[in-house]
Structures are given as C-alpha cells and as structure tokens.
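Here is the structure we will look at.
Each chain gets a letter, A, B and so on, in the order its sequence line appears, and its residues count up from 1.
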There are 2 protein chains.
Amino acid sequence: MTESYGKKRLTRTVLSEQIKEQLMEDIFHKKYKAGDRIVESALARELGVSQASVREALRSLIAMGFLENEPFKGTAVRSFTAKDLMEVVTVRVALETLAGQLSIRRITDEEIAELERITSEMIAASKEGDTQRRIRLNIAFHEKFVETSGNKLLVQLYNYMHFGNWSLLTGSLSEMDPIQIATRHRILIDALRARDPDKVAKAVREHIESTTKPLSDMLAQANL
Amino acid sequence: MTESYGKKRLTRTVLSEQIKEQLMEDIFHKKYKAGDRIVESALARELGVSQASVREALRSLIAMGFLENEPFKGTAVRSFTAKDLMEVVTVRVALETLAGQLSIRRITDEEIAELERITSEMIAASKEGDTQRRIRLNIAFHEKFVETSGNKLLVQLYNYMHFGNWSLLTGSLSEMDPIQIATRHRILIDALRARDPDKVAKAVREHIESTTKPLSDMLAQANL
DNA sequence: TTTAAATCTATTATCGATTGTTTAATTATA
DNA sequence: TATAATTAAACAATCGATAATAGATTTAAA
C-alpha cells in the first residue's frame with residue numbers, strides 16, 4: 001500500500017499477496033471492469049496457482065471493497081453509483097478532517113517537509129505526463145497526511161476505505177487539472193504549518209470536494 | 001452481526017461463517033485471551049472441519065481486527081493497550097458524530113421508535129441481570145443509530161472498526177452502571193427527535209466518552 | 001401453452017494431503 | 001562458555017480433488 005512509495009520488501013513470498021496485488025493492478029488498469037465476474041478456478045489456471053490461493057486473494061479484496069460476492073454465487077468487480085461516491089466524499093471529509101485536527105498537535109517539520117516533497121514530485125510527474133505516477137503520489141500524500149495524525153486506527157480505517165474506492169477515484173483524477181490539485185495540497189500544508197485548526201478543516205474540505213466534484217457531476221449524469 | 005438482533009437467516013450454510021461466529025463467541029467469553037495463539041490445524045481437528053475453512057474464518061477475523069497474524073508464523077488474539085482504546089474513542093466520536101449529523105436530515109419516527117425500543121429492552125435486560133443480552137443490545141443500538149445516517153460506507157466502516165474492538169469494549173461495559181448508559185441513550189434519542197445538530201453532537205460525544213472513561217482509567221493504570 | 005419437477009452444468013465451498021518456513025533443540029566449532 | 005551450523009518439530013501456505021449449491025435446461029404434467 002504505502003509501499004508503492006518507497007519501502008523495502010523483505011518478505012515477498014506470500015503467493016496470495018502477490019495475486020492480490022496483481023488483481024489490484026488489473027482492476028486499476030481496467031482489465032477487469034465494474035461488474036465483471038472473477039472465477040476462482042479460471043484465474044487459478046491462468047496464473048498457474050491453486051484455487052485456494054486465488055480464493056484467499058479474492059476474500060481480501062472483498063474485505064477491502066474492491067470486489068463483492070455472494071455465497072455459492074461468485075465474485076465480481078464492484079460497481080459504483082453516484083450515491084456511493086457521495087458517501088465516499090462525506091466519509092473522507094470526516095476522516096481527513098479528524099486527521100488534520102490530530103495532526104496539528106503533533107506533526108513535525110520533517111513530516112511537513114515530506115508532504116511538500118510528495119507534492120513537488122506530483123507536480124513533476126504531471127509535467128512529464130506520467131499520470132500513473134501522479135495518481136500514486138496523490139494517494140501517497142493523503143496517506144502520509146492521515147498518518148501524521150498518529151492514530152493507527154484512523155490510518156487503518158482510511159486505507160480500508162480508500163482502497164475500496166481507488167479505482168473509482170483514479171479514473172476521474174486523470175481528467176483533472178494537476179496544478180489545481182497541487183495548489184490545494186499546498187494550501188493544506190500551509191494550514192498545517194500554521195497549526196490553525198479552522199484553516200486545516202477548511203483546506204481539507206475544499207480539497208476533497210473540489211477533487212471529487214467533476215467525477216460527481218459525471219456520475220450524476222450517467223446514473224441518476 | 002446485526003443478526004443477533006432479529007433477522008431471518010435463509011443461508012446459514014457457509015461453514016467458515018459458522019466457525020467465525022463460534023470464534024467470536026469464544027473470544028467474547030474469554031476462552032481465548034489476548035495474545036493466545038490460534039493454531040489452524042489444531043482448531044480444525046477440534047471442530048472436525050478442514051484447515052481451509054478454519055483458515056478462512058481466521059482471515060476474516062484478522063481483517064476485522066480481532067486477531068493479528070504474521071506470514072508463516074501464525075495467528076493470535078489481538079491485545080489492546082490504553083493508546084489503542086483512546087484511538088477507538090477518538091474515531092468512534094468522529095464517526096458517530098457524522099452519523100448523527102446525517103441522521104437529522106432523514107431519520108424517521110419509526111427509526112426513532114426503534115431506537116427507543118432497543119433502549120427499553122436494554123434496561124429490561126439490565127434489571128434481569130442478563131449482561132450478555134444487554135451488551136448485544138447496546139451494540140445493536142449504536143449500529144442502528146449509525147444506519148439511520150443512510151450512509152452505507154459509514155455503516156461498513158463503523159462495523160469494521162466496532163467489531164475489531166468488541167471484546168475490548170464489552171469487557172468494560174459489564175462493569176458500568178446500566179441505568180446511566182440507558183439515560184445517555186435517551187438524551188441522544190431526544191436530540192435526534194428535536195433534529196438539533198449541536199445537541200446531537202454533544203450527546204454523542206458525552207455518551208461515548210462516559211462509556212469509555214472507566215475502562216480508559218483502568219487501562220491507563222495497567223499499561224502505561 | 002404454462003407450470004413444476006428433474007436433470008445438467010458451471011462454479012463455489014470444503015476436504016485431505018503435500019510443501020515450505022520458522023523456531024527451537026542439538027550438535028559442532030572456536 | 002559462547003557462537004555457529006545442523007537437525008527436528010510444528011505449523012502455515014499451497015495444492016489437487018471432491019462435495020455442495022445456484023442457475024439454466026430439459027422433460028413431464030396440467
């Protein structure tokens with residue numbers, strides 16, 4: 001998870017974990033689209049592994065919200081509605097606002113510098129047209145931000161939710177103005193540096209809502 | 001989960017699900033204590049099922065936070081520190097406050113009545129000395145409350161977190177004055193009925209913090 | 001023709017056995 | 001005695017195969 005952004009990998013032996021990451025990539029790259037059914041036995045044959053390993057990977061992705069399933073019926077890539085998206089925004093604002101309030105009391109200058117570094121990299125990636133990388137860095141930024149809260153449960157919950165809606169968010173991000181996103185990040189960083197609770201809350205809300213608005217409009221048109 | 005409190009059970013066939021519930025019961029009843037190791041093969045033999053089914057149940061409980069594990073090393077009942085508890089309180093307040101704000105705009109009289117009914121049942125259970133039932137009803141109350149928000153992601157997140165810390169909370173609840181808890185519930189219900197955002201926020205915060213305080217004190221003494 | 005039972009098919013859920021890893025115990029070496 | 005190499009035991013991870021289930025298809029009755 002946070003791995004995508006610099007971290008050593010000592011134990012990369014667990015097969016089901018590899019399958020899981022492979023599947024995440026495949027969903028991310030739209031090899032599997034919303035609603036597509038994933039058949040354990042077929043995938044096992046395709047990857048040359050046992051059904052059990054595939055199954056374990058699937059269960060994990062189900063828990064994360066990437067996939068959904070019903071007993072004896074099977075597993076499919078989850079599809080999202082406009083309402084689902086609104087729910088994500090609502091909850092994200094609540095969780096990241098909380099993170100911001102907690103951060104203020106304990107964030108270090110090093111952590112702030114780290115957030116700035118990620119933002120700079122993001123802008124660089126944007127200019128190079130490396131969308132994939134830009135998206136990953138955006139995720140890294142928000143994860144890092146939540147981590148500075150020092151609340152592990154919050155981080156856990158955030159990741160749990162975040163990844164379940166990854167595919168959803170990434171799709172829209174690619175259509176957004178990267179400079180604007182980066183600017184929002186800077187505003188948030190400044191608010192953190194000033195340790196100003198109200199500014200942080202405002203920055204979080206505006207950042208998330210602005211990021212999600214275009215997608216929201218799009219979905220509202222498509223579904224409802 | 002919400003099942004414990006009135007719901008039809010059409011498909012009660014999935015073995016791993018039964019094992020999971022059995023294990024939750026066992027952890028709940030302290031058959032397995034914090035730190036205890038759970039061995040897949042041994043448990044499979046004990047229950048007369050295959051290791052695969054046990055394993056699946058365990059993975060699910062790991063995802064919920066009941067258990068923790070490391071690849072190739074095994075699975076153990078998670079233990080909690082005072083810090084963990086503080087984190088739970090912090091996040092619960094945030095999530096339930098959000099739930100309250102959302103509820104105000106859409107909660108129905110029927111739902112309010114339902115909350116009252118659960119609270120009444122809780123008091124009855126207290127008077128009968130049925131601690132087990134009282135705890136379940138308390139959980140049912142909070143779940144129902146969060147459900148009235150109409151935000152499914154929030155419900156999902158709440159359950160995810162809640163159950164991971166069930167054993168922790170229940171332990172302390174049994175030592176608390178049940179009448180006081182019920183009173184807090186009533187205050188919250190009244191605030192909802194009045195559709196008053198500030199009152200709801202206040203009621204939520206005070207309810208959760210008062211519920212958790214004695215346990216917090218206890219843990220602070222024991223650990224830190 | 002419509003409905004209901006019976007059969008078939010695809011796929012999940014479960015099983016029993018095998019393989020790979022970790023940890024602890026044992027022996028060898030300094 | 002202390003440290004390193006070796007072996008043994010316990011157990012998780014993975015496998016290949018079987019049983020159970022839902023859904024589709026066919027057949028039988030009305």
Specify the separation, in whole Å, of atom [atom1] of [X] and atom [atom2] of [N].
{"X": "B:Leu67", "N": "D:dA12", "atom1": "CG", "atom2": "C1'", "result": "15 Å"}
{"X": "B:Arg59", "N": "C:dT14", "atom1": "CZ", "atom2": "C1'", "result": "17 Å"}
{"X": "A:Leu15", "N": "C:dT21", "atom1": "CG", "atom2": "C1'", "result": "15 Å"}
{"X": "A:Asn69", "N": "D:dT21", "atom1": "CG", "atom2": "P", "result": "16 Å"}
{"X": "A:Lys20", "N": "D:dA13", "atom1": "NZ", "atom2": "P", "result": "13 Å"}
{"X": "B:Glu56", "N": "C:dT14", "atom1": "CD", "atom2": "P", "result": "7 Å"}

Give each protein N/O atom lying under 3.5 Å from an N/O atom of nucleotides 9-11 of chain D, with the pair distance.
none

Indicate yes or no: at least one non-hydrogen side-chain atom of [X] is less than 4.5 angstrom from one of [Y].
{"X": "A:Asp84", "Y": "B:Lys152", "result": "no"}
{"X": "B:Leu154", "Y": "A:Thr90", "result": "no"}
{"X": "A:Lys33", "Y": "A:Val77", "result": "no"}

Residues [X] and [Y] bridged, charged N to O under 4.0 Å:
{"X": "A:Arg136", "Y": "A:Glu25", "result": "yes"}
{"X": "B:Arg59", "Y": "B:Glu56", "result": "no"}
{"X": "A:Glu121", "Y": "A:Lys144", "result": "no"}

task: Give a yes/no on whether any side-chain N or O of B:Arg55 is located under 4.0 angstrom from OP1 or OP2 of D:dA13.
output: yes

Taken to the nearest 0.5 Å, the spacing of B:Thr75 OG1 from B:Leu61 CG works out to 9.5 Å

Name the nucleic acid region contacted by [X], choosing base, sugar-phosphate or nothing; use a 4.0 angstrom heavy-atom cut-off, strictly under.
{"X": "B:Leu43", "answer": "nothing"}
{"X": "B:Ile19", "answer": "nothing"}
{"X": "A:Thr75", "answer": "nothing"}

query = Can you tell me if B:Glu147 and B:Tyr158 form a side-chain donor-acceptor pair at under 3.5 Å?
reply = no

Sorted by number, residues from residues 44-54 of chain B placing a heavy atom under 4.0 Å from DNA chain C are B:Val49, B:Ser50, B:Gln51, B:Ala52, B:Ser53

For B:Val39, the side chain to side chain contact (heavy atoms under 4.5 Å, CB included) test, sequence neighbours excluded, returns B:Ser41, B:Ala42

